[in-house]
Each structure stands twice: as structure tokens, then as C-alpha cells.
There are 2 protein chains.
Amino acid sequence: MGNGDIKLNNRDRAVLMKTPFMHGLTGNSLVKMLSAMSVETVSARDLIVREGQRAEAFYCVLNGYVRLYRLSRDGRDADIRISAPGDTFGECMLYADRKYPFFAQAAETCTLVRFDLQTVKDLAEEDPGISRAVMTTLSRHLISTMDCVANDRLFTAPQRVANYILSRCPVDGGPAAIRLPFQKSLLAGMLGLAPEALSRAFSSLRKTGVTVRGRIIQVVDVQALREI
Amino acid sequence: MGNGDIKLNNRDRAVLMKTPFMHGLTGNSLVKMLSAMSVETVSARDLIVREGQRAEAFYCVLNGYVRLYRLSRDGRDADIRISAPGDTFGECMLYADRKYPFFAQAAETCTLVRFDLQTVKDLAEEDPGISRAVMTTLSRHLISTMDCVANDRLFTAPQRVANYILSRCPVDGGPAAIRLPFQKSLLAGMLGLAPEALSRAFSSLRKTGVTVRGRIIQVVDVQALREI
DNA sequence: AGCGCGTTTTGACGTCGATCAAATCGTCCA
DNA sequence: TGGACGATTTGATCGACGTCAAAACGCGCT
């Protein structure tokens, strides 16, 4: 703890500084915040937090992707959220139960910043800027999680995949190509699908002009995807 | 606006005062908060907010139930959350987009308190107690919405119904009876089911000792429900 | 360029839940 | 108490998605 961001490379530092937690911090608050932070590197498949474990920290992803999920008694798992670089997770524990309500697992090698919950909570009492950062982050997460519920309940697999593609496409209506930033199995979990269902959804989108080769997705007509 | 809580009956006032927004407020903040509030009564099926509408307020339910939902292009709707007495909704707009991401509809006649977003936002800057209330509420909503995603993805209809019953049963393991506080169709939407599916889930629970008559649900053995 | 392993795709099949329609139930009112 | 109306249940059918197994692919390695 307390080793600050000294070891961060430029890219990681830039990601961290763009988060609301670090963005507009004044001198003294910044110093204190740095003392509440430490940097961690975890390997693919490592567990970062366990459901039911007492919560003492929340995390910011600098590099890689983290899978938040829950298990059923018979061992099946369901993803709740995928945290990308710049995202935090576990910040909902600042003002709630003491136990994590999910597992967090590194989907690949990840660089994380760990924030001590109690310290940040204390800081938030003094610095409205930090409170604001917490509220902003919580609000966004709440809204995106509500989106997730609505998507699951309203849309079929091909529609959810189309929505995902659209969310990563430039806004114009013409052709586009995107590169998935992670494995398809992770995308499947993110959309609440089995990998096989994701694969079938992609092939059902071929007739709408979607071509998939490895992680590259090409779209003939972005506008047409919207009509699905 | 600004008519305060003068018109509230005792029950409604008690509900309001138990919310984190009003609970520990000091004199001056309390006065200001009161000036940001107004009381509204809405009839069954009235829309309280519309998706896409510019957000200028959030709400606290004092009486009745409010359905937050989204529509698909072809007119189907999906519930995202049911707000019960004591719950707030729309508070995620304090630090996020300006447009509501859902519709809110009174499921029955409701009494609500309307909070002006900008005023509360300004108040939160000065009063850490208010910030704390916002963060507490957002955290709880985020966690319960994550629970919702996990439930949808992990459990079948009968399991979700069993979970709901258990969440409203006294903790001990023996027999119990509960009364649904709303129509079954609302419960169905809450659990992400069609009303017919809820009905079938109830009847599939008969073999586990669950009896339903109108809004009364009787459970022979609470412990047995947990094993489903 | 060829090999080898983990990921993804495809096929076959079963189950769950949505949908539509019709019957029944509950509750409110006169 | 008898209706009447909306809510709920039941039945029949269908489509979407999960699961398991096997084939194909992609990618990194030498």
C-alpha cells in the first residue's frame, strides 16, 4: 500500500488521470488520494475479489478487462459487468454492505489501482470533488446496469450483438470496421449469452452485412444494423 | 413547488423521514431541502417521467408503487425496477445525462415527493450529509440492479419466484404466509416474466408447499424453498 | 511454411418461457 | 347476493437459447 503511481507507464497514468476519481483533484486531496492507492498486476484468470469476502477496497482498471460475475449453487456463472480500462468496480461498497456481492476475475493480464475504501470514504467527507467523483461513477454504473437489464429483457441475441457493434462504431451511417478488444467468449458473457449463441447471432447478422474474421468485424451499412 | 410536506399524513411523513435524504439533516440543510421538495399525487397508470425527456427532478415514493420501464421500437416493454414506498428513482440523473433513460409509471394511485435536481445538487456541494445520502441510495440501487441481472441470467422462473418469496418471509425456517403488496402482473414484470409465466411458476411451486390464493401466499416450509 | 493448442463454429437436440386464445377467478359495486 | 369487469390461470403452440459433441478455425511458435 502507498506505493503510489510511481511504477505506472504513460499509458496507464493517462487512463488513471482521466477517471473522475483523479481528474480534478486539488493538491492536498490528491496527496491523500495517492496515499490510499496502490498498483497491482494480476494474471489472466486470477480472482481479484470473491463474493462474500469482506470489502476493504475498490479498484480501477488501467489495463485489461475484469469480469464481475456471480455463481449459482450448481456452479453455473453469470457475468454482471465487464470492467474496461478506465472503469472502476467495487466502489458501490463505499456506502453499502461490507461484503462484495460478486466475484471479480481478470479476463487477461491486468493492471489495477486498488483504493482503500475507508480512506476514500474519509476523503469524500472533506472534499466535495471526491464525493462528486463517487456519485458520477455510481450514477453511470447504475444507468449502464439498468441498460443491461432492459437489453436482456427486450432484445434477442442478434439484436444485442447489433447494439454492441453499433456502440463501438463511428456515428456515420456508412461502412465500418471494428476490432473486438477481447475474446468472443467474454463478449458473450457480457451480453448474457453462451459462446455458441453469440456465434450464431453473428452468423445470423451476415444477411445484414456483418462479416466476422477473428476479432475483426466489418459492417457494410451501419444504418441498416440499426433497423434490426 | 415549495409546498413542503405540510400536506403529508403521518404515515407518508414517517416514510419520507426514514429515507437517507431526510434522515439526518441538520437545521439549515433541512430547510433548504424542504424548499427543493414538493408533494405530488398521481393516479394509476399516469406517467411520471418519460424516456428521453429532459431530467429536472427525481422522486421519492411515499405511497404506492412505481414501475420504471423501457420500450422497444415494436412497442414491447420491459420493467427495469419497481420503486416501493421509501424508494427514490431518478436520483441517478444528479450526476449524469440530462435525459431520463426510462419511463416511470404509477402502478396505482401514488403519493410522491418531487426533488428538484439542481437544488439538491447544489445542496450536496455544501452538505456532506446530503452527498452521503445520495451515495448510499445510488450504491443500494446499483447493487440491487446487479442482483437483478444476476437473477435473470442464473435462475429459472420458479427459482426467481422462490427467491422473491424468501426475501419477504421471516427468517426462520418453518411455515409462513405473506401478502403480495401489489398485483401479480407487477410482480411478473419485476421478475422479468410474462404474467402467464409467473402463474405457471407459482403452480410449479405447489409441489414445494407453496399455496396461492389471490394475493396471499402460504409456504409450508420456508427452508425447503431455499433448496429449489 | 508447418504444427499444435485453445477458441470458435456448426450440428443436433431439449427446455424454458413468450404468445395467443379461452376459461376461470376475485373483487368491487349496486 | 348477483353481476360485471378486469385479473389470473390454463391450454396449445412456437421460437429462442442452452447444452453437449465434434469439426473448423485462428494464432503464435519454431
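Within every chain, numbering begins at 1; the chains are lettered A, B, ... in the order of the sequence lines, protein sequences first and strands thereafter.
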Asks: Quick one: the side chain of Arg200(A) and the base of dG18(D), do they pair up donor-acceptor inside 3.5 Å?
Replies: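 Between dG18(D) and Arg200(A), which were checked side chain against base, a qualifying N/O pair under 3.5 Å is absent.
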
Asks: Tell me which nucleotide among dT9(C), dA18(C), dC17(D) gets nearest to the side chain of Ala197(B).
Replies: dA18(C)

Asks: Verify the contact: side-chain N or O of Arg213(A) to OP1 or OP2 of dG26(D), cut-off strictly under 4.0 Å; return yes or no.
Replies: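 Yes, within the criterion.
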
Asks: May I have the distance from Phe155(B) (atom CZ) to dC16(C) (atom P), rounded to whole angstrom?
Replies: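 After rounding, the gap between these two atoms is 15 Å.
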
Asks: Verify the ring-centre separation between Phe58(A) and Phe21(A): is it less than 6.0 angstrom?
Replies: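 Yes, the ring centres sit under 6.0 Å apart.
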
Asks: Can you tell me the distance, in whole Å, between the CG atom of Asp152(A) and the P atom of dA16(D)?
Replies: 17 Å

Asks: Look at the side-chain N and O atoms of Ser185(A) and state whether any lies under 4.0 Å from the OP1 or OP2 oxygen of dT8(C).
Replies: yes

Asks: Output the single nucleotide from dA18(C), dT9(C), dT9(D) whose closest atom is nearest the side chain of Ser199(A).
Replies: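 Within the option list, the nearest is dT9(C).
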
Asks: Rounded to the nearest angstrom, tell me the gap between atom CD in Gln183(B) and atom C1' in dT27(C).
Replies: 11 Å

Asks: When you look at CZ of Arg50(A), are more than 12 heavy atoms from neighbouring residues, nucleotides or ligands closer to it than 6.0 Å?
Replies: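 Open: at most 12 neighbouring heavy atoms sit under 6.0 Å from CZ of Arg50(A).
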
Asks: Does Pro158(A) or Arg215(B) map to a spot on DNA chain D nearer the 5' end, using the closest nucleotide for each?
Replies: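 The residue closer to the strand's 5' end, by nearest nucleotide, is Arg215(B).
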
Asks: We want to know whether Thr145(B) and Arg81(B) form a side-chain donor-acceptor pair, criterion being a heavy-atom distance below 3.5 angstrom.
Replies: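 Judged by distance alone, the side chains do pair up.
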
Asks: In whole Å, I'd like the distance from the CG atom of Asp74(B) to the P atom of dT19(C).
Replies: 9 Å

Asks: So, OP1 or OP2 of dG26(D): does either fall under 4.0 Å of a side-chain N or O from Lys184(A)?
Replies: no

Asks: Between the side chains of Arg70(A) and Asp147(B), is the shortest nitrogen-to-carboxylate-oxygen separation below 4.0 Å, so that they form an ion pair?
Replies: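 Looking at Arg70(A) together with Asp147(B), the answer is yes, because their closest N to O distance falls below 4.0 Å.
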
Asks: Report the distance from atom CG of Leu154(A) to atom C1' of dG17(C), rounded to the nearest whole Å.
Replies: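 Those two atoms, CG and C1', are 15 Å apart.
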
Asks: What do you reckon, is CG of Asn10(B) surrounded by more than 12 foreign heavy atoms closer than 6.0 Å?
Replies: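 No - once you tally the heavy atoms of other residues, nucleotides and ligands closer than 6.0 Å, there are 12 at most.
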
Asks: Please report, rounded to the nearest Å, how far the P atom of dG6(D) is from the CD atom of Glu108(B).
Replies: 18 Å

Asks: Under 4.0 angstrom, heavy atoms only, what part of the nucleic acid is Arg76(B) near: base, sugar-phosphate, or nothing?
Replies: sugar-phosphate

Asks: I'd like to know if Glu196(A) reaches the base of dC20(D) with its side chain, counting only an N/O donor and acceptor under 3.5 Å.
Replies: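 Checked by distance alone, the answer is yes.
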
Asks: Which one, dT19(D), dT9(D), dA18(C), comes nearest to the side chain of Leu193(B)?
Replies: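 The nucleotide sitting nearest to the side chain is dA18(C).
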
